[in-house]
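One structure below.
Quick caveat: nothing in here was measured; it's all calculated off a predicted structure. Order of the sequence lines fixes the chain letters, A, B, ..., with proteins taken first and strands second; residue numbering starts at 1 for each chain.
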2 protein chains.
Amino acid sequence: MTTSKKSASPEQASLEEAYPSTVEGLVLEERLGYALRRAQLKVFRHFDDAMREHDIRPAQFSSLVVIEGYPGVTQSSLAQTLSIDPPRVVNLINSLEERGLALRVRCKRDRRSHGIFLTKTGEALVERLKGLAEQSDLEATQSLSEIERRQLLTLLRKVYASEEHGD
Amino acid sequence: MTTSKKSASPEQASLEEAYPSTVEGLVLEERLGYALRRAQLKVFRHFDDAMREHDIRPAQFSSLVVIEGYPGVTQSSLAQTLSIDPPRVVNLINSLEERGLALRVRCKRDRRSHGIFLTKTGEALVERLKGLAEQSDLEATQSLSEIERRQLLTLLRKVYASEEHGD
DNA sequence: AGCATATAGTTATAATAGGTAACTATTTTA
DNA sequence: TAAAATAGTTACCTATTATAACTATATGCT
């Protein structure tokens with residue numbers, strides 16, 4: 001582990017040789033967490049750009065898509081599906097309701113739970129947004145071929161879908 | 001665009017057929033941002049578990065690794081390398097300094113900037129942590145073969161390393 | 001039936017992450 | 001020397017993630 005230890009100490013003021021402003025090729029690039037975060041930052045920035053005019057955040061978009069696919073989905077189910085906490089779902093659905101995109105309907109069978117539905121406005125919006133999101137992903141991954149893009153998605157799914165220890 | 005529109009409206013109370021608590025196989029799984037977030041959540045949770053006893057957060061670990069590789073690196077250089085904002089670097093280095101892991105040294109040539117160095121304690125810790133991080137990544141990606149792990153890293157790097165639009 | 005327990009949603013906190021604006025101290029440049 | 005740029009810092013704001021505690025309802029037990 002003493003491979004490239006430079007052992008530069010502050011006392012010898014080794015600041016004379018300056019590093020480039022961005023330092024590359026480091027051990028960090030072998031870290032999965034680092035790579036995931038950097039890639040996610042980039043993809044999310046593109047997403048934000050694409051959604052700016054509609055003022056939609058990633059979590060809002062995901063919610064809209066799930067509700068569209070599963071009208072009447074409950075908040076707890078939505079929380080589990082998106083891996084977000086129940087308290088955040090409350091805020092999320094509140095904002096969608098306030099904007100007239102979705103609405104809660106109290107469930108007859110179990111009056112504790114609420115089914116969530118899209119309004120007509122919400123349905124129209126999500127159709128538009130899905131196209132924008134698709135485009136945004138393509139732009140963010142311009143450096144990948146279509147095959148590589150699919151590989152990446154498959155590998156990521158394989159990572160998050162495995163539930164070995166009660167994830 | 002009208003492929004699988006279910007057009008369930010709240011009025012008809014379609015809550016009778018309940019969905020499973022976690023809903024799978026949805027359009028969302030084709031979204032790169034969704035897959036990245038889910039995978040990152042999982043990898044970071046493993047990382048947190050591995051680092052718990054040392055009370056080290058991901059950004060602190062990354063900083064330690066960069067400082068180890070580039071002793072005397074400046075705060076601005078660190079910020080760019082890790083894609084974090086200058087204000088956060090301040091807090092980050094403050095906490096590392098308070099814990100006796102790193103220290104700032106005012107640069108002689110440019111007295112505005114500070115070089116950051118690891119203390120002996122910091123050097124010893126980061127050696128230990130690198131092993132833990134490696135192990136944590138392996139655990140989080142147990143569902144991948146060694147080849148797939150390398151593919152994933154390569155693809156992620158390809159995504160974040162491309163700077164087409166001034167990223 | 002009554003009572004304990006569990007669940008759905010909500011509210012309230014807190015810590016972390018991410019970004020912006022403004023300020024100080026320096027250095028560079030023109 | 002004056003103006004502009006840079007390194008770091010402080011202050012602020014929002015979003016994300018995670019708790020804990022509370023209300024209302026439902027379920028299970030005896």
Subject >> Ionic contact status for B:Arg45 with B:Asp48, cut-off 4.0 Å >> reply: no
**OP:** Return the value, rounded to whole Å, for the distance between atom CG of A:Leu78 and atom C1' of C:dG9.
**Re:** 13 Å
**OP:** Grab the CD1-P distance between B:Ile84 and D:dG8 for me, whole Å please.
**Re:** 12 Å
Original post:
When the distance from CZ of A:Arg104 to C1' of C:dG9 is rounded to whole Å, what number comes out?
Top reply: 8 Å
Subject >> Contacts of type side-chain hydrogen bond (donor to acceptor under 3.5 Å, both in side chains), residue A:Arg88, not counting sequence neighbours >> reply: none
Subject >> With A:Thr154 via side chain to side chain contact (heavy atoms under 4.5 Å, CB included) - residues at least two apart >> reply: A:Arg157
Original post:
Are the side chain of B:Lys42 and the backbone N or O of A:Val159 linked by a donor-acceptor pair below 3.5 Å?
Top reply: yes
Between the protein and nucleotides 21-25 of chain D, which nitrogen or oxygen pairs are less than 3.5 angstrom apart?
| residue | atom | partner | partner atom | Å |
| --- | --- | --- | --- | --- |
| D:dT25 | OP1 | A:Arg111 | NH2 | 3.2 |
| D:dT25 | O2 | A:Arg112 | NH1 | 3.3 |

**OP:** Would you indicate, yes or no, if C:dG9 has its OP1 or OP2 atom less than 4.0 angstrom from a side-chain nitrogen or oxygen of A:Ser76?
**Re:** yes
Original post:
Which residues satisfy the salt bridge (charged side-chain N to carboxylate O under 4.0 Å, His left out) test with B:Arg150, sequence neighbours excluded?
Top reply: A:Glu30
**OP:** Whole angstrom is fine here: how far is it from CE in A:Met51 over to C1' in D:dA15?
**Re:** 17 Å
Original post:
Could you give the NE2-to-C1' distance, from A:His114 to D:dA26, as a whole number of Å?
Top reply: 14 Å
Subject >> Upstream residue (5' side of DNA chain D) when A:Pro58 and B:Gln75 are each assigned their closest nucleotide >> reply: B:Gln75
Original post:
What residues, two or more places apart in sequence or in another chain, satisfy side chain to side chain contact (heavy atoms under 4.5 Å, CB included) together with A:Glu148?
Top reply: A:Leu144, A:Ser145, A:Gln151, B:Leu155, B:Lys158
Original post:
Can you list the residues that meet the side chain to side chain contact (heavy atoms under 4.5 Å, CB included) rule with B:Ala133, with sequence neighbours excluded?
Top reply: A:Arg31, B:Phe47, B:Met51, B:Phe61
N/O to N/O distances under 3.5 Å, protein versus nucleotides 11-16 of chain C:
| residue | atom | partner | partner atom | Å |
| --- | --- | --- | --- | --- |
| C:dT16 | O3' | B:Arg57 | NH1 | 3.4 |

Original post:
Taking only residues two or more places apart in sequence or in another chain, which ones pass side-chain hydrogen bond (donor to acceptor under 3.5 Å, both in side chains) with B:Arg149?
Top reply: B:Thr141, B:Glu146
Would you list the protein and nucleotides 2-5 of chain C atom pairs, both N or O, that sit under 3.5 Å from each other?
none

Original post:
Considering residues at least two apart in sequence or located in another chain, which fulfil the side-chain hydrogen bond (donor to acceptor under 3.5 Å, both in side chains) criterion with A:Arg128?
Top reply: none
**OP:** Measure the distance from CG on A:Leu92 to P on D:dT17 and round it to the nearest whole Å.
**Re:** 11 Å
**OP:** To the nearest Å, give me how far apart CD1 (A:Ile93) and P (C:dA8) are.
**Re:** 15 Å
**OP:** Please state how far atom CZ in A:Arg45 lies from atom P in C:dG19, giving the value in whole angstrom units.
**Re:** 6 Å
**OP:** Apply side chain to side chain contact (heavy atoms under 4.5 Å, CB included) to A:Asp110 and list each qualifying residue two or more places apart in sequence or on a separate chain.
**Re:** A:Arg112, A:Ser113
Subject >> Partners meeting side-chain hydrogen bond (donor to acceptor under 3.5 Å, both in side chains) with B:Ser95 (sequence neighbours left out) >> reply: B:Gln60
